Asker: 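The structure follows.
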Number of protein chains: 2
Amino acid sequence: MPARRVSIGDIASQLKLSPSTVSRALAHNPDVSETTRQRVQQLAQELGYQPNQVAVALRRGHSNTLGVLVPHLAGTFFPEVVDGITEAASQAGYNVMICQSREDAEQERKNLELLMNAPVAGLLVSLASSTQNYAPFEAVRTANLPLVFFDRAIEGLTGEHISSVVIDDYAGAYMAVSHLVEQGCRRIAHLAGPPHLAIYEQRHRGYEQALHDHGLPYRPELVCPIGQHQPDGAAAMRQLLQLPCPPDAVFSSGDSALVGALQVLKELGYRVPDDVALAGFSNAEFTALTEPPLTTVDQHSHQMGREAVNQLLRMLHTATPTAVVLRPQLLVRASSQRVGQQQSLAG
Amino acid sequence: MPARRVSIGDIASQLKLSPSTVSRALAHNPDVSETTRQRVQQLAQELGYQPNQVAVALRRGHSNTLGVLVPHLAGTFFPEVVDGITEAASQAGYNVMICQSREDAEQERKNLELLMNAPVAGLLVSLASSTQNYAPFEAVRTANLPLVFFDRAIEGLTGEHISSVVIDDYAGAYMAVSHLVEQGCRRIAHLAGPPHLAIYEQRHRGYEQALHDHGLPYRPELVCPIGQHQPDGAAAMRQLLQLPCPPDAVFSSGDSALVGALQVLKELGYRVPDDVALAGFSNAEFTALTEPPLTTVDQHSHQMGREAVNQLLRMLHTATPTAVVLRPQLLVRASSQRVGQQQSLAG
DNA sequence: TTGAAAGCGCTAACAC
DNA sequence: GTGTTAGCGCTTTCAA
């Protein structure tokens with residue numbers, strides 16, 4: 001007994017009206033008489049009528065669903081962005097459909113196809129780290145489906161319906177490294193990320209430029225291109241400490257790797273920040289909870305999600321695309337503060 | 001020039017076939033001749049035909065989308081469950097639509113309505129903490145829409161199409177508290193959660209029973225019903241320490257609150273675990289990174305998500321509903337280990 | 001083996 | 001102010 005849903009037709013026949021009139025009445029169309037409108041609304045209420053959104057979407061040719069494609073939902077960054085996205089979307093009357101590419105280009109392609117056929121009113125995408133072929137995104141572009149990249153964007157790809165929201169990774173890195181220099185650090189190592197992702201390249205550039213602007217040499221042996229997980233950072237730290245001239249600070253392009261480095265330092269009896277000062281990137285939740293708490297660059301992840309939705313909505317209302325760059329914020333905590341008193345644990 | 005999508009009708013007219021034949025050919029219907037099938041498939045490929053899923057859903061009366069409703073996506077637990085859900089769902093050919101209730105019953109009701117009209121093939125829901133009125137879920141039940149509760153379920157609500165996947169919160173709490181007793185703790189406080197959520201009530205019961213089974217008295221002054229955030233835990237800890245007879249251990253129903261407690265203890269110069277031993281619940285990412293690392297109960301969140309999808313798929317294939325209870329796992333770390341050597345930082 | 005026709009539920013043009 | 005008709009894209013009888 002599968003409790004059939006009540007449709008416009010049901011209301012129409014019960015009221016001896018045509019479906020169109022019922023539809024109009026429910027849509028508050030001024031053509032319909034006040035009395036009919038009331039009768040319809042009343043019965044609809046009683047029967048618990050709910051419009052079939054699939055039929056509406058088919059009719060209209062588009063839905064009120066936004067498609068979101070993220071590399072993963074581990075860690076804190078993407079969940080926070082997604083949180084911002086769903087918040088802003090539902091405030092604007094949209095719902096959200098989420099897919100994960102699992103950092104896999106092929107999975108990303110499939111999901112893209114899936115979302116385009118869902119169909120969605122627009123797409124919010126952050127690239128998988130393995131994506132090298134941008135053809136699937138060309139397809140989105142030629143379909144004129146509004147697309148907003150967030151955090152990880154395709155640099156070259158522009159179009160009438162393509163926006164992006166990123167943070168200024170270069171500036172974030174520059175701020176962090178400059179801060180380390182100001183704390184008296186002179187041999188600053190860098191735990192870099194996969195260089196084909198623009199965000200990591202930018203962070204590396206910011207690191208390089210900050211060194212240069214403060215008159216410090218760029219030493220290739222202090223730059224470790226590694227994965228972004230805790231063990232990667234730990235392994236890199238061990239190697240760095242075996243250099244003839246080990247670093248007196250580490251700037252990591254991610255927080256997880258930095259925690260790995262911190263653990264190695266403590267294990268081996270180094271003092272943080274006095275022997276080695278540390279700064280990371282992302283403001284992961286745990287950075288405020290380590291001992292010492294970690295200096296890091298906050299990416300305004302929640303706001304990034306909200307902003308991405310705003311961009312999408314603007315494009316849906318025919319405004320031109322824009323490239324939004326959010327300014328990151330350096331959170332100075334004890335892991336990099338060599339002078340003055342230690343801060344409290346709270347970040 | 002909005003690059004129109006190619007439809008079955010387009011292929012049909014180009015091939016001078018009827019839409020029905022094309023449809024059959026694409027569906028690998030054996031009735032259609034091999035040659036026509038090939039011609040159709042070929043052209044479909046060339047034109048980049050993609051079925052309009054909205055039309056398919058309208059026709060079929062259901063979609064291949066699963067609706068997910070979570071209280072929030074902050075912290076690590078729900079993102080991990082959602083990760084498991086999307087993984088299992090996409091393996092089974094389903095996509096996933098996610099809504100957040102923001103712990104608000106009214107928002108939850110709206111989202112439920114939204115998802116039911118999306119429409120979805122089934123629902124995966126974890127209750128908002130403020131939900132007292134279960135009427136919206138009755139509606140889901142009478143609509144015979146398959147529903148799986150995960151983590152936070154409605155105890156009384158059963159039906160032909162309602163399953164649940166929870167962990168044994170009682171057992172988890174029991175294990176944690178028993179462990180604290182074995183470490184020599186005798187005055188074990190409990191940071192409890194909102195009691196109208198079954199999970200917190202169960203954890204409280206496990207705490208109580210473990211005390212009882214080890215011959216320890218239940219002292220109401222040691223039980224603090226609090227919010228689940230860091231400051232809540234900190235405030236509660238301060239109060240507990242002002243008791244004439246302060247606790248020698250704390251079992252918290254959540255990890256965030258426990259971190260708050262830890263910070264207060266360290267600030268005031270108490271040694272953990274020697275003065276006060278600590279154990280929490282959830283295995284949040286940061287519990288392995290605090291100093292000392294926190295003993296906690298792992299909830300198998302990723303697996304819970306996968307299992308919830310399995311339950312849903314089983315119900316879609318007409319199997320009867322089941323109530324799955326996952327067994328949690330106690331992760332003993334330094335915050336509760338009083339004898340023997342300290343464990344390493346890695347959790 | 002293929003085609004014609006109907007209909008999923010809704011809405012918009014066009015009558016009356 | 002209301003009804004009739006048509007069609008969004010697809011699948012599935014039923015008929016040929």
Side-chain angles (χ1 to χ4, degrees), chain A residues 2-41 43-44 47-65 113-114 116-121 143, chain B residues 2-41 43-44 47-65 113-114 116-121 143:
Chain A
R4 220 179 64 66
R5 301 171 49 111
V6 5
S7 71
I8 283 195
D10 299 336
I11 301 183
S13 53
Q14 287 202 36
L15 255 38
K16 305 205 188 305
L17 287 170
S18 74
S20 15
T21 306
V22 174
S23 172
R24 282 188 277 248
L26 291 170
H28 289 89
N29 185 320
D31 286 352
V32 75
S33 81
E34 181 59 20
T35 37
T36 344
R37 220 214 57 209
Q38 294 210 350
R39 289 207 309 149
V40 170
Q41 301 256 4
L43 185 58
L47 299 182
Y49 166 77
Q50 296 291 344
N52 181 329
Q53 297 298 349
V54 174
V56 174
L58 180 61
R59 185 77 237 274
R60 286 217 229 286
H62 65 262
S63 69
N64 60 340
T65 299
E113 210 169 75
L114 193 92
M116 288 180 72
N117 303 327
V120 294
Chain B
R4 217 178 67 65
R5 301 172 48 112
V6 4
S7 71
I8 283 195
D10 299 335
I11 301 182
S13 52
Q14 287 202 36
L15 255 38
K16 303 206 189 307
L17 286 170
S18 74
S20 11
T21 306
V22 174
S23 173
R24 281 188 277 248
L26 291 170
H28 289 89
N29 186 319
D31 286 351
V32 77
S33 80
E34 182 59 20
T35 37
T36 0
R37 219 215 59 206
Q38 294 209 350
R39 290 207 309 148
V40 170
Q41 300 256 4
L43 185 59
L47 299 181
Y49 167 78
Q50 295 292 343
N52 181 330
Q53 297 298 350
V54 174
V56 174
L58 181 60
R59 183 74 237 269
R60 286 216 228 286
H62 65 264
S63 68
N64 61 340
T65 299
E113 211 169 75
L114 193 90
M116 289 180 71
N117 303 326
V120 294

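Throughout, protein chains are lettered first and strands after them, A, B, ... in sequence-line order, and every chain is numbered starting at 1. Because the structure is predicted, anything quoted here is derived from the model rather than measured.
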Asker: Check this for me: does the side-chain of A:Arg5 come within 3.5 Å of the base of C:dG9 through a donor and an acceptor?
Answerer: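 Donor-acceptor pair under 3.5 Å: no.
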Asker: Looking only at non-hydrogen atoms, find the nearest pair between B:Pro19 and B:Ala12 and report the distance.
Answerer: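 Heavy atoms of B:Pro19 and B:Ala12 come nearest at N-CB, 3.7 Å.
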Asker: Taking NE2 from B:His62 and P from D:dC10, how many angstroms apart are they, rounded to a whole number?
Answerer: 17 Å
Asker: Starting at atom CG of B:Leu17, determine the distance to atom C1' of D:dT11, rounded to an integer number of angstrom.
Answerer: 16 Å
Asker: For residues 7-15 of chain A, which residues have at least one heavy atom under 4.0 Å from DNA chain D?
Answerer: none
Asker: Please confirm whether any donor atom in the side chain of B:Arg59 sits under 3.5 Å from an acceptor in the base of C:dG9, or the reverse.
Answerer: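 No, the side chain and the base share no sub-3.5 Å donor-acceptor pair.
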Asker: To check you understand the geometry: which heavy-atom pair defines the closest contact between A:Tyr49 and A:Val6, and what is its length?
Answerer: CD1-O, 3.3 Å
Asker: On a heavy-atom basis, which atom in A:Ala143 and which in A:Met116 lie closest, and how many Å separate them?
Answerer: CB-CE, 3.8 Å
Asker: Contact between A:Gln41 and A:His28 at the side-chain level, heavy atoms closer than 4.5 Å - yes or no?
Answerer: yes
Asker: Would you say the side-chain atoms of A:Gln53 pair up with the backbone N or O of B:Leu114, donor to acceptor, closer than 3.5 Å?
Answerer: no
Asker: Evaluate the side chain to side chain contact (heavy atoms under 4.5 Å, CB included) criterion for residues A:Gln14 and A:Ile11: first the C-alpha distance (whole Å), next the side-chain angles of each, then the deciding distance (0.1 Å), finally the verdict.
Answerer: CA-CA 5 Å; A:Gln14 287 202 36; A:Ile11 301 183; 5.9 Å; no
Asker: Map B:Arg60 and B:Ser20 onto DNA chain C by nearest heavy atom, then report which one ends up closer to the 5' terminus.
Answerer: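 The answer here is B:Ser20.
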Asker: I need the B:Leu17 CG to B:Ser23 OG distance, nearest 0.5 Å.
Answerer: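 So the gap between those two atoms works out to 12.0 Å.
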Asker: Rounded to the nearest 0.5 Å, what separates atom CD in A:Glu113 from atom CD in B:Gln50?
Answerer: 4.0 Å
Asker: Does anything in residues 25-36 of chain B reach DNA chain C, meaning a heavy atom under 4.0 Å, and if so which residues?
Answerer: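 Result for residues 25-36 of chain B: B:Asp31, B:Val32, B:Ser33, B:Thr36, sorted by number.
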Asker: Can you name the closest pair of heavy atoms from A:Val32 and A:Ala25 and give their distance?
Answerer: CG1-CA, 4.0 Å
Asker: So, is A:Thr21 close to the D:dT2 phosphate, meaning a side-chain N or O under 4.0 Å from OP1 or OP2?
Answerer: no
Asker: Mind running a 4.0 Å heavy-atom check of residues 47-58 of chain A against DNA chain D and sending the residues that fall below it, in number order?
Answerer: A:Leu58
Asker: Given side chains that start at C-beta, do those of A:Leu15 and A:Leu43 come closer than 4.5 Å, heavy atoms only?
Answerer: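 Yes. Closest side-chain heavy atoms under 4.5 Å.
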Asker: As an exercise, state the distance from OG of B:Ser18 to CZ of B:Arg24, rounded to the nearest 0.5 Å.
Answerer: 6.0 Å
